[in-house]
Amino acid sequence: MIRLNDIIERVNAYLYLSDADVELLKKAYVYSAKVHAGQTRSSGEPYLSHPLEVSWILAEMKLDVSSIVTGFLHDTVEDTLATTEEIETLFGSEIAFLVDGVTKISQLPYTTKIERQAEGFRKLILATAKDIRVVLIKLADRLHNMRTLEHLREEQQKSIAKETFDIYAPLAHRLGISWVTQELEDLSFKFLNPGEYQKLSKLITDKREEWEQHVDEIKALIGSKLAEFDINAEVTGRFKHIYGIYRKMQTQNLEFDSVYDVIAFRIITGSLRECYEALGAVHSAWKPVPGRFKDYIALPKGNGYQSLHTTVIGPFGERMEIQIRTREMHNVAEYGVASHWKYKEGRLDGGGTEIYTTLRHLLEWKDIKDPTEYMEAIKGELISDVVYVFTPRGDLMELPSGATPVDFAYAVHTEVGNRCMRAIVSGKLVPLSHQLKTGDAVEIVTANDKHPNRDWLKFVVTSRAKTKIRAWLRNEERTQSEIVGKSICERKFKQHGLDFHAMLKNGELADALAEFKLKDEKELYLAVGYGKISANDFLKRVLPTEKLDSAPEKELRIEKIIRTITGTSESGVLINGYNDVMIRFANCCSPLPGEPITGYITRGKGITIHKNDCPRLLDVDDARRIDVEWDSGFKAQRPARIVVQCVDRPGILSNITSSFSSSDINISKAEIHSTDVDTAVGTFDVVVTDLAQLENVMKSIKQVEGVRSVERMLEWERQ
Ligand code: MN
């Protein structure tokens, strides 16, 4: 097992550790040993070996003291009784934040379909981490778990290796840490494709001796060539990692023996100028292979990688790949993001914690041309403008921050949006206006009779949702206007003893339609429904004036209702002839089944149901009234509000609420407050089936001792 002192020594090699730092490391080590005591790894080793190894890897990655400390503590919150609060008290908020970040990533819900969504998961991890150190610690954690993977069951090996290959190795690559990328790739390859892995490693082992000799010869040749040009440089030659060779064989369809760049030669110079000089020296000695030269110094890769790459026909007539870079570029290639960090007395210098901020460019993975731009990007903005959520099938979806379940529903499919009824987020029912967070699992419950609501426009943030809702509403308004217009025309004609539809059929209305420049009766309905043409004016073109005057105006109100709808209706209200009209209950009088009602035909927004004696009805246009009745076969669920004045004494509230429950009425909201010394006022929002039920419960509340008055409130702010 690695010892604490080994780690301290390794860290001390690249940054200065103060006494306080050493104390902190010791404290974290002791704490980790304490809380993990008695736990073992699958290998049988004490659990503590794992956090130690992780910190050891973090030191290899040359991270700061806080990261190393977090290495010791990274599994404490998830796997022991330790809490984030305790970590914060003992080690401060920065370390608590890092531990919490690593814990959160471990708890992200992975699915079996990772491969297809790997990019999304990498984004999710970066977005969850918030601080780039969290990702680096997670990589170190994964690296050690991969190194000890043989102790797990085979299926676990496969799934962890797959996740590593699809998610973590590319993440390490994105962060530019090549040694971690390569080791993760090789270890995943070993477990995912053991046959090929064994075959290749045997081939490499068999040839190793021969090659090593060859490498030494070439190194010496390159070295002397450089010396000739007076270039001060170090030359190395090393075997590519196994997976790198395998990938090359696959993509270029090569046999092992034809892979010419199994060995990569590297020239590490002291200055940028010397990189190009070294390139000149190499090209003057050996013929470059056309099309194989790449200048990643002038055009760095997206992860900040810089180097000159060339392939030449070497001294033994075979191709060899040479990479040329400065020492600094080499550090970037090996250590990635962390190589840019500058330490001052064990702490990060400059940028502070800003430097750790996970960046948008890492998510977008853009190629950045200028290395200073890369550094700027590293320091850049927080990822606050997107959230990543899961569909019930485990697919990942990117939405703008502030997005709601309705935005999500429309992103899934227009029909899901148009029919969405309820949202369940991570197992909990939430309002449709709920703002989604990264990592949420979102499920939308749809119903065929649900429709978009104008209020949705107040909270949706995606333009897709906005456009779709508006389109639906426009279309619906049109439908409603058409229905309403038709109804008004029929009535107006009937009022004068005329059959609108018969006249339409006989062509008796053709002239009048033409006069109003209406193509057909549908356009008439729309024009009347939207209020652009009055049905009366239209009628005037059809009837002689004297007949119009003598019309029996009153007949309309006493029109007989014919029930044409059978069965139950969604709203509990039956409307003569039109079962597809949108119905709303007026908030001013909130009618209950059992009370006489009248419908008011709105412009484009369906029919509003009022109580017959509602004062608002007196103001409306007679022609827009419509006879409606309650559907007796329908058990309605209607809101009502009751206000109770009573003596302020203990227990009275429970007496009142028990009246509700014995009447089988649900209370959706109750509020009680004292008005003066001995009086309390209670407001109860309830759901009732009809007027009789409401009146009954009011009667029984009145009988509760201490109750002074019970009243029904008609108009209130609905939630
Ligand atoms: Mn771990």
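Only heavy atoms go into these numbers, but all of them, side chains included; no hydrogens, no water, no symmetry mates. Atoms within each ligand, like the ligands themselves, are counted from 1 in listed order.
The shortest non-hydrogen separation linking S66 to E94 is OG-OE1, 3.3 Å.
For the Mn ion (ligand 1), the N/O/S atoms of D79 include none lying under 2.8 Å. Contact annotation: H144 places no N, O or S atom under 2.8 Å from the Mn ion (ligand 1).
Taking the charged nitrogens against the carboxylate oxygens, E212 and R208 do have a contact shorter than 4.0 Å, which makes a salt bridge.
Take the Mn ion (ligand 1) as the corner point: the lines to NE2 of H50 and to NE2 of H74 open at 90°, to the nearest 10 degrees.
If you look at D141 and ask which of its N, O or S atoms sits nearest the Mn ion (ligand 1), the answer is OD1. For D75, the N, O or S atom with the smallest separation from the Mn ion (ligand 1) is OD2.
Cation-pi contact between K219 and F265: absent, since separation from the ring centre below 6.0 Å together with deviation from the ring axis within 45° is not met.
Taking the ring centroids of F191 and Y197, they lie at or beyond the 6.0 Å cut-off.
Residue H144 is tested with L149, L52, I57 for a side chain to side chain contact (heavy atoms under 4.5 Å, CB included); the sole match is I57.
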